[in-house]
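What follows is one structure encoded as structure tokens, with my remarks underneath.
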Amino acid sequence: MKLEPAASRSARAQLEGLRAGNGTRVLEALRAHQRFVMCAHENPDCDVLASGFALGLALKRLGKDVKYFLDGDVPRNLKFLPESSLTQRTFAGIAGDALFIFFDMSDQARAGKALAWVPADRIVNIDHHLSNTRFGRWHYVDDREAATGMLVMHLILGLGVTITADIAECLLSAIISDTGNFMYSNATSRTLRAAASLIEAGANKDRITEHLYQMRTFAAQKMLGKVLDEAVLTDDGIVYSLVTMSMLAAANADHEDLEEVVGALRAVDRCHVAVLLKEQPDGAFRVSLRSRGRVNVMAIAKRLGGGGHFRAAGAPVDGPADAALQRVLAAIRAEIKA
Ligand code: AMP
Ligand code: MN
Ligand code: MN
């Protein structure tokens, strides 16, 4: 499906963004190479997967060879994305000259152990994290964009590929997901114009929001209730809660069911920083941090060895639970002081 006139105007505006940015070298790399592997960060979310699928679909339209590497399963709520059935867990069939495109991650370590071996000179880094280290040989990084999917949209337009309905579905999913259904402050007029042009190109907004926000398992909703019930609000505006593996087991829930929880903690009126500590199968923890806008949670995450955005960030934290919580609270207070 061709972009309609109004969408074309918007597309031109997006393209100007690309020319002004650093994406031109990435475009050249995409044009010059024939084989690509799309790579996701650990605990993959909609932005990272949908960005890979959208660019993969576009590169295939140019006759290129595309593989989707994923060290795990596509999360249940993302199986509606076009291409999601094509991910592979091994490097079978991947040629020695293939380029690895890392989406939506601030450093190579975020891709996990399975991709740690990939040498920098074969990596393309496409990302919107404030803390991006510019790893890899080519990078297109812009932290002003709400989603990596926005950068991918610029690239696809730059390649001259028509935004098909499937590509539009992926890109709009990425944008909707990373803006919290257009609720967060990262959803600007530019984001909304891009979203509108994607709907005009065939993306089904209602279907996407249904899958992302209205298909929660009963166990997930019960878990949300339990975590909110146990949450603590401190005098200095920290709202925290902690989920253990045994809590998940008791509720018949898993980590995928925790997606909405930290947002619900942040929604508390007196909350400046929301904290959700999640025990992992190995006994270590991961922390999700959210800010109302006054405190930079990316800086807090960095103190803990993680990263992210000003208002949304994450980090690994060693157990046991008490020590993990104290370490996170100390990092938050140190950052607030600084
Ligand atoms: P999450 O709380 O897992 O939804 O993550 C919030 C944001 O922080 C996302 O943009 C993540 O990409 C980023 N993030 C989470 N964990 C890490 C980490 N260990 N290192 C760098 N960035 C992270
Ligand atoms: Mn992500
Ligand atoms: Mn993202």
Side-chain angles (χ1 to χ4, degrees), residues 38-55 70 72 74-75 77-78 81 101-113 115-116 125-133 135 140-153 170-180 184 186-187 191 212 227 240-243 255-266 273-280 284-291 296-318 324 327-328 331:
M38 307 292 151
C39 304
H41 57 67
E42 285 188 303
N43 309 112
D45 55 24
C46 186
D47 189 25
V48 70
L49 292 178
S51 291
F53 297 148
L55 190 57
L70 186 62
V74 174
N77 66 332
L78 301 180
L81 290 170
I101 309 187
F102 284 53
F103 295 91
D104 196 45
M105 48 191 125
S106 44
D107 55 57
Q108 187 171 352
R110 267 291 275 162
K113 288 191 198 92
L115 288 159
N125 161 7
I126 304 173
D127 184 38
H128 69 131
H129 284 86
L130 190 57
S131 53
N132 190 285
T133 58
F135 67 95
Y140 179 27
V141 178
D142 190 341
D143 62 59
R144 293 165 306 181
E145 294 293 7
T148 296
M150 285 287 297
L151 301 180
V152 170
M153 182 173 173
C170 292
L171 294 175
L172 186 61
S173 298
I175 292 168
I176 285 179
S177 165
D178 262 29
T179 60
Y184 306 150
N186 60 1
T191 325
L212 293 182
V227 178
Y240 65 83
S241 202
L242 189 142
V243 183
H255 287 87
E256 285 181 31
D257 295 324
L258 300 175
E259 279 280 303
E260 303 282 291
V261 176
V262 71
L265 297 175
R266 170 169 61 184
V273 180
V275 179
L276 183 65
L277 273 156
K278 297 170 273 193
E279 190 181 14
Q280 305 299 302
F285 285 76
R286 273 183 34 82
V287 66
S288 284
L289 297 162
R290 298 293 184 272
S291 163
N296 180 357
V297 290
M298 191 267 292
I300 297 167
K302 272 192 150 176
R303 287 172 185 267
L304 297 164
H309 310 279
F310 193 98
R311 288 168 184 252
V317 195
D318 288 338
R327 201 167 312 120
V328 171

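Remember, it's a predicted structure, so these values are computed and weren't measured experimentally. Counting starts at 1 for both ligands and their atoms, following the listed order.
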What N/O/S atom of [X] is the closest to the Mn ion (ligand 3)?
X	value
Asp178	OD2
Asp104	OD1
His128	NE2

Using the side-chain hydrogen bond (donor to acceptor under 3.5 Å, both in side chains) rule, take Asn132 and Asn125 through it: C-alpha gap first, then chi angles, then the decisive distance, then the call.
CA-CA 9 Å; Asn132 190 285; Asn125 161 7; 3.1 Å; yes
Nearest protein heavy-atom contact for [atom]: which residue, which atom, what distance?
atom	value
atom 11 (C) of ligand 1	Arg110 NH2, 3.5 Å
atom 17 (C) of ligand 1	Gly314 O, 3.2 Å
atom 8 (O) of ligand 1	Ala313 CA, 3.1 Å

Under 3.5 Å between any N/O of [X] and any N/O of ligand 1: does that happen in this structure?
X	value
His41	no
Arg290	yes
Gly307	yes
Arg286	yes
Leu289	no

Close side-chain approach of Ile126 and Ile101, heavy atoms under 4.5 Å:
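Yes - at least one pair of side-chain heavy atoms lies under 4.5 Å apart.
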Check whether any side-chain heavy atom of Asp45 sits under 4.5 Å from a side-chain heavy atom of Asp104, and report yes or no.
yes
Within ligand 1, which atoms have a heavy atom of [X] less than 4.0 Å away?
X	result
Gly306	18 (C), 19 (N), 20 (N), 21 (C)
Gly308	8 (O), 13 (C), 22 (N)
Ser288	1 (P), 2 (O), 3 (O)
His309	10 (O)
Pro316	19 (N)

Within this structure, what is the [atom1]-[atom2] distance for the pair [X] and [Y], rounded to the nearest 0.5 Å?
X	Y	atom1	atom2	answer
Arg290	His309	CZ	NE2	8.5 Å
Asn296	Ser291	CG	OG	7.5 Å
Ser51	Ile175	OG	CD1	9.0 Å
Met105	Leu115	CE	CG	7.0 Å
Asp143	Phe310	CG	CZ	12.0 Å
Met150	Thr148	CE	OG1	11.0 Å

Write the atom name of the N, O or S atom in Asp45 that is nearest the Mn ion (ligand 2).
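Sorting the N, O and S atoms of Asp45 by distance to the Mn ion (ligand 2) puts OD2 first.
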Work out whether the distance between some heavy atom of Glu42 and some atom of ligand 1 is less than 4.0 Å.
no
His129 touching ligand 1 at heavy-atom level, < 4.0 angstrom
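His129 counts as a contact of ligand 1 under the 4.0 Å cut-off.
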Check: [Y] main-chain N/O paired with [X] side-chain donor or acceptor under 3.5 Å:
X	Y	result
Gln280	Lys278	yes
Asp47	Gly149	yes
His128	Glu145	yes

May I ask you to identify, for Ala109, whether its side chain, its backbone, both or neither come under 4.0 Å of ligand 1 on a heavy-atom basis?
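Contact part for Ala109 vs ligand 1: neither.
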Please determine if the Mn ion (ligand 2) has an N/O/S atom from His41 lying under 2.8 Å away.
yes
Metal site the Mn ion (ligand 2): N/O/S of Asp47 inside 2.8 Å:
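False for Asp47.
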Verify the distance criterion only: is there a donor paired with an acceptor across the side chains of Lys302 and Ser131 at less than 3.5 Å?
no
